[in-house]
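One structure is given here, and the rest of the page talks about it.
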Amino acid sequence: MAGKRRRRFGAMRKLPSGRYQVSYLGPDSKRRNAPETFPNKTAAEQYLARLETTMMAGEWADPAKAKIHVGDYADQWITQRPRLSPRTVDLYRWLLAKHIEPYVGRLPMGKLTPAAVRQWRVDLLAAGVSQTMAAKAYRLLRAVLNTAVDEDSILVKNPCRVRGADQETPSERPVLTVKQVFELADAMPVRRLRTLILVTAFCTLRWGEVVALRRGDVAPDGSRLHVRQAVTEVARRGVVVGPPKSRAGVRTLIVPAAVRAELVQHLEEWVDAGSEALLFPADNGKHMRRSNFSQRVKWTQLVTRLGMKGVHFHDLRHAGNIWVARVGVSTKDLMARMGHDDMRAALIYQRATQEADQAIADQLSKLADEHRSD
DNA sequence: GGGCTCTTCGGTCGGGATAG
DNA sequence: CTATCCCGACCGAAGAGCCC
């Protein structure tokens with residue numbers, strides 16, 4: 001066209017109706033029309049200018065893809081995610097079906113605004129969903145949408161921006177005393193489960209770790225324990241044996257002298273020969289199952305009867321950790337014993353100890369004050 | 001300007017109820 | 001007894017912020 005310079009970015013034409021239509025090349029070099037036409041040339045120019053800026057900033061979103069439904073995209077996301085553990089896949093699918101799909105699943109991606117996300121969360125909580133589960137669902141949706149932003153150019157910005165919505169409200173677990181742990185152990189219907197309780201508490205083990213222990217993991221004199229495996233129960237696959245939860249989970253523990261004799265006796269009386277024999281097997285010789293144990297010892301009723309209502313098996317591990325922290329070890333040492341890579345949990349125990357120290361100090365001060373006033 | 005701590009984000013395991 | 005549903009708690013890696 002004579003006299004007309006080609007535009008640096010995009011193209012523009014006047015339609016028979018008198019309105020202006022613009023088109024442009026996306027980052028994928030495909031030509032697209034703007035979703036609407038403009039009443040005058042200036043408006044069209046402004047649209048192109050804004051568009052160019054977003055594209056330069058790498059924030060351009062493909063309008064066609066924005067029509068994909070949130071639920072479909074999320075479903076695809078889970079399927080395509082590499083290296084998710086089976087447990088996580090199960091959880092994600094469940095969260096999607098239960099807490100996401102029914103609310104925003106049929107919404108096109110482009111229609112999922114921050115306001116819609118906010119409302120979704122409000123609805124979820126109003127429906128009686130706990131903070132914890134709402135936070136989980138929120139985090140999943142956010143992770144999905146982050147991929148939509150970063151990799152697929154479906155969205156410009158993640159609409160999940162509710163402050164604190166990803167936070168799970170931590171709750172205090174009861175702290176068992178040494179005496180209570182022994183009471184619990186004594187209440188076990190059979191001797192070998194008594195040992196299970198004591199080893200779990202004094203070696204601060206996880207359930208999956210303690211039931212995976214084998215004869216070869218215990219030093220002959222019961223002084224050391226080698227944690228090298230852990231089991232998880234996976235839907236449709238049953239018990240799965242693998243490495244412990246974290247890298248630091250593989251560890252060697254010194255067994256407190258107080259339970260060594262018991263452990264050695266347990267090995268003699270109950271554990272099959274051979275280094276691969278399980279320390280605490282089920283009656284069928286295979287790994288003990290959680291629900292099997294709970295039902296067998298009637299856990300819920302038991303702890304209630306002993307005045308420890310609401311105590312979980314995992315609280316044995318907590319108790320052990322608290323005791324260890326009270327002995328006055330460093331955070332690093334505590335982490336090593338717990339099999340943690342992360343210091344957060346260890347710090348919680350040390351804080352609990354500090355509070356106890358404070359209480360002791362306060363009591364001492366009181367005594368001193370009483371003395372002075374005499 | 002390198003090592004530390006804190007926060008954010010994504011991911012994994014534990015526990016109880018209940019149906020089979 | 002096992003399997004599964006539903007929910008709650010816990011954890012690791014990397015990025016952000018901070019302090020020498």
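Each chain gets a letter, A, B and so on, in the order the sequences are listed, and its residues count up from 1.
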Checklist entry - Got a salt bridge between A:R192 and A:E262, using NZ or NE/NH1/NH2 to carboxylate O under 4.0 Å? => result no

Checklist outcome for this item: Comparing nearest nucleotides in DNA chain C, the 5'-proximal residue of the pair A:V129, A:R290 is A:R290

Next on the checklist: Rounded to whole Å, please give me the gap between NE2 in A:H99 and P in C:dC5.
Outcome noted: 14 Å

Item to check | Crowding at CZ, A:R194 (>12 non-hydrogen neighbours, <6.0 Å) | outcome: yes

Checklist entry - Under 4.0 angstrom, heavy atoms only, what part of the nucleic acid is A:Y92 near: base, sugar-phosphate, or nothing? => result base

Checklist entry - What is the distance, rounded to the nearest whole Å, between atom CZ of A:R93 and atom P of B:dG11? => result 14 Å

Checklist entry - In terms of side-chain heavy atoms of A:W77, which of C:dC1, B:dG11, C:dC7 is nearest? => result B:dG11

Checklist entry - When the distance from CD of A:E209 to C1' of C:dC11 is rounded to whole Å, what number comes out? => result 12 Å

Next on the checklist: Classify A:L91 by what it touches in the nucleic acid, base, sugar-phosphate, or nothing, heavy-atom distance under 4.0 Å.
Outcome noted: base

Next on the checklist: Does C:dC11 have its OP1 or OP2 closer than 4.0 Å to a side-chain nitrogen or oxygen of A:R317?
Outcome noted: yes

Checklist entry - Shortest non-hydrogen contact from A:S223 to A:D221? => result OG-OD1, 2.8 Å

Checklist outcome for this item: Ranking C:dC6, C:dC10, B:dC9 by distance to the side chain of A:H314, first place goes to C:dC10

Checklist outcome for this item: Considering only heavy side-chain atoms of A:N292, the closest of B:dC9, C:dT2, C:dC7 is C:dT2

Item to check | Any A:N146 side-chain nitrogen or oxygen under 4.0 Å from OP1 or OP2 of B:dG10 | outcome: yes

Checklist entry - Does A:T300 make a side-chain N or O approach to OP1 or OP2 of B:dA17 shorter than 4.0 Å? => result yes

Checklist entry - Between A:W207 and B:dG14, is there a side-chain N or O to OP1/OP2 distance below 4.0 Å? => result no

Next on the checklist: Quick check on B:dT12: is either OP1 or OP2 less than 4.0 Å from any side-chain nitrogen or oxygen of A:R206?
Outcome noted: no

Item to check | Nearest-angstrom distance from the residue atom CE of A:M133 to P of B:dT12 | outcome: 15 Å

Checklist entry - Should A:R289 be listed as having a side-chain N or O under 4.0 Å from OP1 or OP2 of C:dA3? => result yes

Checklist entry - Do NZ/NE/NH1/NH2 and the carboxylate oxygens of A:D217 and A:R228 come within less than 4.0 Å? => result yes

Item to check | Salt-bridge contact A:D75-A:R93 (side-chain N to carboxylate O under 4.0 Å) | outcome: yes

Next on the checklist: From C-beta outward on A:R81, which listed nucleotide comes closest to its side chain: B:dG15, B:dG11, C:dC1?
Outcome noted: B:dG11

Item to check | Comparing A:R139 and A:K98 on DNA chain C - which has the more 5′ nearest nucleotide | outcome: A:K98

Checklist entry - Can you check whether A:W207 and A:F293 have ring centres sitting under 6.0 Å from each other? => result yes

Checklist entry - Rounded to the Å, how far apart are A:R296 CZ and B:dG16 P? => result 17 Å

Checklist entry - Could you state the CH2-C1' distance from A:W299 to B:dG14, rounded to the nearest angstrom? => result 12 Å

Checklist entry - Rounded to the Å, how far apart are A:W94 CH2 and B:dT12 P? => result 18 Å

Checklist outcome for this item: A:Q167 atom CD is separated from C:dC10 atom P, nearest whole Å, by 14 Å

Checklist entry - Phosphate oxygens OP1/OP2 of C:dC7: is one of them under 4.0 Å from a side-chain N or O of A:T132? => result no

